[in-house]
Participant: 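Structure incoming, see below.
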Amino acid sequence: MKDDLKTILTRHLELEAFYAGDFSIRGAPCTRSARTVPSAESDAMCPTARPQKSTPTSDIATLQAPPLDTLDAIAAVVRQCRLCRLSENRTHAVPGQGNPNAQLVFVGEGPGEDEDTQGLAFVGRAGKKLTDIITAMGLRREDVFICNVVKCRPPGNRDPRPDEALACLPYLKRQLELIEPKVIVALGAHAAQRLLETDQAIGRLRGRFFEYPYSNDHPPAKLMPTYHPSYLIRNYTVETRQRVWDDMQKVMGELKIKPTRGD
Ligand code: URA
């Protein structure tokens, strides 16, 4: 998991360095930049060498990915990320926010318009519904961590495409690895399917715990899929509300939290 993120960062840094003209291929240092007329011999040894700016050449091996050992470090990388097309139209990337030591993490699908404007997860209409759910569980938003599978808004709030979700997933996985929550609530099909690596429908997944393994020795988190707050808003029936509330009561049981109200 950490390796996925390293690969992403290294690719990112290579790309940045490439466009900044501060890049040469791995291997023996290439000296062609010091000369004005390249020879056939140096071309063969340095097939991709480009004219250099005055800055020193850096080798891939020496490019240092920043250590992603804090949520802030991940957030900083997410804000610079250009790994998929979603970055092209964003106002703000939305890394996620909340308690870095949370026992409970909510994972949604991706930012909407309000989230894109503010750079914060779940602050629009769906966010208000999520706040209601968190409050009904006897918690505050500051007690939990809230984030998404994709960190940039899909245009027109369309579903994230598989390549976009795959490009972004290592950020989420590393966030979960750092927080090590006891329970993860996957809000909606996208979050549940990505985290559980399944294509089963949310209606079949919701209501029971799955294991979400960490890559270290820590015991796995319990992952509860439930309906997305937007789905709840669109289908505000007694039945749907009851199902989400049932799911949250199971989460509360796992975390030993007492409810403040039970609608
Ligand atoms: N829907 C999501 O899935 N995430 C948000 O942050 C907002 C709406």
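Owing to the predicted nature of the structure, the values given are computational and were not obtained by experimental measurement. Counting starts at 1 for both ligands and their atoms, in listed order.
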Participant: Under 4.0 Å between a Lys/Arg side-chain N and an Asp/Glu carboxylate O for D143 and R140?
Facilitator: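 Yes, charged N to carboxylate O under 4.0 Å.
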Participant: Quick one: closest heavy-atom pair of P225 and L205, and the distance?
Facilitator: CG-O, 3.6 Å
Participant: Throw together a table of side-chain donor-acceptor distances under 3.5 angstrom for residues 179-191, partners on residues two or more places apart or in other chains.
Facilitator:
| from | atom 1 | to | atom 2 | distance (Å) |
| --- | --- | --- | --- | --- |
| E180 | OE1 | H218 | NE2 | 3.3 |
| E180 | OE2 | N216 | ND2 | 2.8 |

Participant: So which residues, sorted by chain and number, lie with a heavy atom under 4.0 Å of ligand 1?
Facilitator: G108, E109, G110, E115, A121, F122, N148, H228
Participant: I'd like to know if the side chain of R82 and the backbone of S87 have a donor-acceptor N/O pair within less than 3.5 Å.
Facilitator: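 Yes.
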Participant: Side chains of L176 and L195, heavy atoms from C-beta outward: is any pair under 4.5 Å?
Facilitator: yes
Participant: Salt bridge or not for E239 and R243, using N-O below 4.0 Å?
Facilitator: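 Counted as a salt bridge, because a side-chain N and a carboxylate O are separated by less than 4.0 Å.
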